[in-house]
Amino acid sequence: TISKPVVEAIKKAMQVSKQKRPGCISDFLEILHSPSTNEPEPPEKPNVADETEIIVVSEDKSHTGEQGEKKTNGTDVPQNDAEVANKYRQTAQGNAEAQFCLGCCYYNGEGVPQNYTEAAKWYCKAAEQGNADAQFCLGWCYYNGEGVPQNYTMAVEWYRQAAEQGHAHAQFQLGECYYNGLGVPKNYTMAIEWYHKAAEQGNIQAQYHLGKCYDNGYGILQNYTEAAKWYRKAAEQGYASAQLNLGECYYYGYGVHQDKTEAAKWYRKAAEQGYAKAQCKLGWCYENGCGVPKNNVEAVKWYNKASQQGY
């Protein structure tokens with residue numbers, strides 16, 4: 001599952017000029033992997049088909065005045081945010097970008113009280129004019145039932161319109177719908193087609209999921225070399241799940257030359273992000289001197305980090 005895609009992005013975007021506003025609203029998301037609960041064991045061949053993941057947005061950074069005090073207009077809404085939202089409203093008539101931004105203001109409660117229904121209304125106005133970001137966000141609202149009744153078919157319709165314009169995040173979400181059979185019949189081949197489009201644009205989630213498909217042979221011929229290639233692309237962007245799986249590829253020599261030192265390196269990168277399974281793997285490496293010098297103190301340290309998360 002994926003967390004709300006626009007919360008932090010638009011807050012950041014509102015701090016810069018209109019000309020500099022991001023076209024892809026998920027650029028500010030940080031990606032982590034949900035903890036597992038398996039008992040400690042030596043590394044095994046990657047098997048990620050049933051793993052889940054979450055995306056965590058960074059902490060709320062409220063707008064402040066020159067002295068660091070939040071300015072309000074008497075309604076607990078920062079005055080500068082309210083002014084920005086009002087400017088969007090004044091220019092929203094027929095202006096798709098302003099309509100989209102006003103929808104984001106309502107979605108996040110920036111300058112106006114948070115109201116998903118109003119957000120969806122303004123997203124719809126912009127989406128109907130062909131704004132790809134708005135089409136993606138409206139699809140998101142339908143997918144999650146935020147401001148509109150949950151409707152996967154409608155979500156797919158709007159994701160598709162944005163995806164066909166080259167919107168990478170919509171392409172990934174459309175792939176997810178095909179992968180899980182939500183709003184469309186389950187179809188791994190179509191899922192891979194859309195994952196691939198998004199992955200080629202650098203979408204970190206799509207790269208990871210495309211690696212999973214190659215790893216497990218879902219909708220495509222199993223190919224560990226391709227799996228490792230796409231895991232690497234996501235891993236190099238800091239995706240903890242991909243870092244772990246790339247480590248597994250190196251540990252077993254799947255799609256790459258076997259190299260347990262490299263395996264431990266990638267386990268560490270994921271472990272340092274707080275991924276419990278990677279922490280346990282790294283602890284095992286230290287316990288057994290696999291890819292790193294044997295060190296029971298380090299082993300205990302990493303096992304403890306994993307156990308503190310319930311692993």
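In this text the structure is predicted, and so the values were computed from the model without any measurement. Along the sequence shown, residues carry numbers from 1.
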So, using side chain to side chain donor-acceptor pair (under 3.5 Å) as the criterion, who are the partners of [X] when residues are at least two apart?
X: Tyr106; value: Arg89
X: Tyr188; value: none
X: Gln165; value: Gln135
X: Glu128; value: none

* **Parallel, tilted or perpendicular, as decided by the 30° and 60° cut-offs, for the rings of Tyr123 and Tyr107** =>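 Ring orientation, 0 to 90° scale: tilted.
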* To do: Describe, in one word, how the ring planes of Tyr231 and Tyr208 are oriented to each other, choosing from parallel (under 30°), tilted (30 to 60°) and perpendicular (over 60°).
  =>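 Tyr231 vs Tyr208 ring planes: tilted.
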Atom pair [atom1]/[atom2] of [X] and [Y] - distance to nearest 0.5 Å:
X: Asn180; Y: Tyr152; atom1: CG; atom2: OH; answer: 9.0 Å
X: Gln258; Y: Tyr251; atom1: CD; atom2: OH; answer: 8.0 Å
X: Gln129; Y: Asn95; atom1: CD; atom2: CG; answer: 7.5 Å
X: Asp215; Y: Leu210; atom1: CG; atom2: CG; answer: 11.0 Å
X: Asn296; Y: Tyr303; atom1: CG; atom2: OH; answer: 9.5 Å
X: Tyr142; Y: Thr153; atom1: OH; atom2: OG1; answer: 11.0 Å

* Pairs touching residues 255-267 that satisfy salt bridge (Lys or Arg N to Asp or Glu O under 4.0 Å), sequence neighbours left out ->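 Output for this query lists Glu262-Lys265.
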* To do: Keeping to residues at least two apart or across chains, list the salt bridge (Lys or Arg N to Asp or Glu O under 4.0 Å) pairs with something in residues 288-311.
  =>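 Matches after skipping sequence neighbours: Glu298-Lys301.
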Using only heavy-atom distances, determine whether the side chains of [X] and [Y] contain a donor-acceptor pair under 3.5 Å.
X: Glu272; Y: Gln279; answer: no
X: Gln207; Y: Gln237; answer: yes
X: Gln93; Y: Gln99; answer: no

Between [X] (side chain only) and [Y] (backbone N and O only), is there a donor and an acceptor less than 3.5 Å apart?
X: Asn131; Y: Ala127; answer: no
X: Asn187; Y: Thr189; answer: yes
X: Asn203; Y: Ala199; answer: no
X: Asn288; Y: Cys290; answer: no

* **4.5 Å side-chain heavy-atom contact, Tyr143 and Leu182** =>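 In contact.
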* **Ring-ring centroid check Phe172 Tyr195, cutoff 6.0 Å** =>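 Phe172 vs Tyr195: aromatic centres under 6.0 Å.
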* Is the His209-Trp194 ring centre distance short of 6.0 angstrom? ->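 No, they do not, as the ring centres are separated by 6.0 Å or more.
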* Asked: Can the positive tip of Lys281 be found less than 6.0 Å from the middle of the six-membered ring of Trp284, inside 45° of the ring normal?
  ->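 Geometry flag: not set, cation outside 6.0 Å or 45°.
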* To do: Before accepting this row, confirm whether a basic side-chain N of the pair Glu157/Arg160 lies closer than 4.0 Å to the acidic partner's carboxylate O.
  =>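 Result for this pair is no, no salt bridge flagged.
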